[in-house]
Each structure stands twice: as structure tokens, then as C-alpha cells.
Amino acid sequence: MTPSPTDVAALHTVLLDWFDRHARDLPWRRDPSPWPVLVSELMLQQTPVVRVLPVFEAWMLRWPAPPDLAAEPAGEAVRAWGRLGYPRRALRLHAAAVAIVEQHGGDVPADHDDLLALPGVGEYTAAAVASFAFGQRHVVLDTNVRRVLARVADGQQYPAPAVTAAERRLAGSVLPEVGAHRWAAATMELGATVCTARSPRCGDCPVADLCRWRAAGHPEHVGPPRRGQAWDGTDRQCRGRLLAVLRDSTDPVTLAQLEAAWPDQQQRMRCLDSLVADGLVQPAAGSTYTLPG
DNA sequence: AACTCGTGGGT
DNA sequence: TACCCAAGAGT
């Protein structure tokens, strides 16, 4: 439900004021240049801030601009990605750097649609980079913003499994005409640090008095339970083990070394094949494997 | 539209 | 302990 204009104005005032006082001092905020912002956004897809920080710092020292990364083999990006998870993101970030060099003269494009065309950049990331690095006005709908809006405006504990049209409409209706990029950052920050999924700290929330979920007495989520992510014995676990062996070795890895990482032969070879198909692993001489050159 | 894709810390 | 879930994207 769309809040009244009065409530929207109050939300803006109180949340932006809170953000002035409580925003975390993150490196990609201290220097919100396009490349650091793009790198951070790729790393932050499904990965918590605290785990991204050290990898981000090392990454920016090594590759301070898109051409620096584009000049390296993709495998170096995969290795530097370390244990952030979802290593295909490292491949996409490398491919994005190449595209930026080839199609945009080495500078991260400012246009939303140009950003969206980059590998690894979807609707959220395009809006985030356009907002935070270029100060544009876009609906930035990440998991934090979705949860904050679900609670404050809709009185629901959690948003729907996937972004709905109504949700996007609501987010657009509360987006300030001026300073939209700060509003985006503020709502994300609130969701990340106060209006958290598991244990919201409503006592510290600047918009508690305007929150419909709180007014309704914090009703539990109703509806189909959200499926967790299976892990033990999955291909994802197997792929992770195999790629860890590759990351930790500068020399080509033998099939025997990979066998030590995952006992099930059939699954091991299937996952190795899928890693090769994804471009994360490259076959080398004598039935050995390396990160992509 | 549902499914896949890593990793590790919090509760 | 056994989940839950984190600045999503691609297919």
C-alpha cells in the first residue's frame, strides 16, 4: 500500500537524518567513483559486507581501473576472488572490464542501459551504480530495501519471493525527486543494520513510529515457507571444493589431486565438466587443469 | 517462472 | 545443532 504524502515526507526526513548519523564508513562510499562502486556491487551480490571488505581493498590496489583488470587473464580474477562465493561473478567482472575497455573507452558507463548490458550487471546493480557513482535517480530494489518497504509500508514481515510489479511501484512512489541516491543508500543501510531479516532492532529504528508491521504487532510471515538452500552433497559444494584446489595451486592440477577433494567419481567429473563449461577451469596438457588463462 | 550458482557467520 | 540468509544474475 502506498503511504500518504505526509508519511512519505516524514519517512524522508527521519531516515535521511538517521543516515547522516549512522552510515557506515565503507570504502566504496568514501570514494564512490564508478569503478570502485561497480566492483563492490558485484562482490556484494549475495555476500555480506564484512567478507567483501578485505577482498575489495586488495582488488582495488591491484586493479585500480578497468583496463588494469581487462589486461589480465580471467583466471587471475577468479584467484583474487578467493572465497567470496559464486566465482562466476569474478568471471563476469573481468568480462565487464573487457567490455568497458572495448566499448566505453575504459570508463564505466553512466547510462543505466549501458550498465545493464555489462556481464554480471542486472536490474539492481545497474540502478545501484547509476545512483551511487553517478548520482542518478533510480529505483534501487535490493533485499534490504524490499524488506524495509514490506515492513514499513505493507506491514509484512518479509517481501514476496520475487520482485513484484506492486513492489516496484511502491518503491518508485516513495523515491524522492531530489537526492534519490541518498534515499537508496539510506534504505539499504537501514535494512542491513537495523531492519534485519532475523532479529530486527526496532528499538533503534528511526522509522519505528511509521512502521505498519510494528503497529500490527510484528505478525509472523504467513504463506508457503521459503525453501532453504540445500548444501551437503550438492554440485555447488563439489564445485566449490574442486575450484578451491585450483585456486590454491599455481601449477596445473592433476585428476588425482581433484579426486582427493571429492570422492564421488561421477559427480566429481560432472562438476569438473561444468566448471570447464562455465569458463572457470581450463583443461591443460596431460589431463591436468588450471584456472583460465 | 523456477532453478542454479559458494561461502561462512549469526541465531 | 541446524538452519537461515547475505547490496542477485543468468538461463
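Numbers restart at 1 for each chain; the letters A, B, ... are given by sequence-line order, proteins then strands.
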* To do: Grab the CH2-C1' distance between W231(A) and dG6(B) for me, whole Å please.
  => 5 Å

* Asked: What is the distance from CG of D235(A) to P of dC3(B), rounded to the nearest Å?
  -> 16 Å

* What is the distance from CG of D248(A) to P of dT7(B), rounded to the nearest Å? -> 11 Å

* Asked: Rounding to a whole Å, what distance do you find between L141(A):CG and dA9(C):C1'?
  -> 15 Å

* To do: Check every atom of dA7(C), dC5(B), dG8(C) against the side chain of R236(A) and return the nucleotide holding the closest atom.
  => dC5(B)

* Asked: Without hydrogens or angle criteria, can the side chains of E41(A) and Y124(A) be said to hold a donor-acceptor pair below 3.5 Å?
  -> yes

* Can a donor-acceptor pair be found between the side chains of R239(A) and S274(A) at a distance below 3.5 Å? -> yes

* To do: Look at the side-chain N and O atoms of T143(A) and state whether any lies under 4.0 Å from the OP1 or OP2 oxygen of dA6(C).
  => yes

* Is D20(A) salt-bridged to R182(A), going by a charged N under 4.0 Å from an acidic O? -> yes

* Separation between the P atoms of dG8(B) and dG10(C), rounded to whole Å -> 24 Å

* Structure fact -> Sorted by position of nearest nucleotide on DNA chain C, 5' first, the leading residue of V49(A) and G120(A) is V49(A)

* Reckon R147(A) has a side-chain N or O less than 4.0 Å from the OP1 or OP2 of dA6(C)? -> yes

* Is any N or O donor-acceptor pair between the side chain of E41(A) and the base of dA9(C) shorter than 3.5 Å? -> no

* For the side chain of R83(A), counting heavy atoms from C-beta on, which of dG6(B), dA7(C), dG8(B) is nearest? -> dG8(B)

* Between dT4(B) (P) and Q229(A) (CD): distance, integer Å -> 11 Å

* Structure fact -> Testing dG6(B), dA9(C), dC3(C) for proximity to the side chain of R198(A), the answer is dC3(C)

* Asked: Considering heavy-atom distances to DNA chain C, does S40(A) or R92(A) have its closest nucleotide positioned more toward the 5' end?
  -> S40(A)

* Asked: Base, sugar-phosphate, or nothing for V121(A), non-hydrogen atoms under 4.0 angstrom?
  -> sugar-phosphate

* Return no unless some side-chain N or O of R51(A) is found under 4.0 Å from OP1 or OP2 of dA7(C). => no

* **Salt-bridge present (R29(A), D25(A); N to O < 4.0 Å)** => no

* R24(A) side-chain N/O to T193(A) backbone N/O, donor-acceptor pair under 3.5 Å -> no

* In whole Å, what separates the C1' atom of dC4(C) from that of dG6(B)? -> 15 Å

* Asked: For Y158(A) and dC5(C), is the shortest distance between a side-chain N/O and OP1 or OP2 below 4.0 Å?
  -> yes

* Structure fact -> L93(A) CG to dG8(C) P, in whole Å, measures 16 Å

* According to a strict under-4.0 Å criterion, is T234(A) in side-chain N/O contact with OP1 or OP2 of dC5(B)? -> no

* Structure fact -> Per atom distances to the R239(A) side chain, the nearest of dC5(B), dT11(B), dA9(C) is dC5(B)

* Counting only distance, no hydrogens or angles, is the base of dG6(B) paired donor-acceptor with the side chain of T47(A) under 3.5 Å? -> yes

* **Polar side-chain atom of Y158(A) near backbone of A197(A) as donor-acceptor pair, under 3.5 Å** => yes

* Asked: Is any side-chain N or O of Q46(A) closer than 4.0 Å to OP1 or OP2 of dG8(C)?
  -> yes

* Asked: On a whole-Å scale, what distance lies between the P atoms belonging to dA7(C) and dA2(B)?
  -> 24 Å

* To do: Take atom CD of E167(A) and atom C1' of dG8(C), then tell me their distance rounded to the nearest Å.
  => 14 Å

* Structure fact -> Here the distance between atom P of dA9(C) and atom CG of L42(A), to the nearest Å, is 9 Å

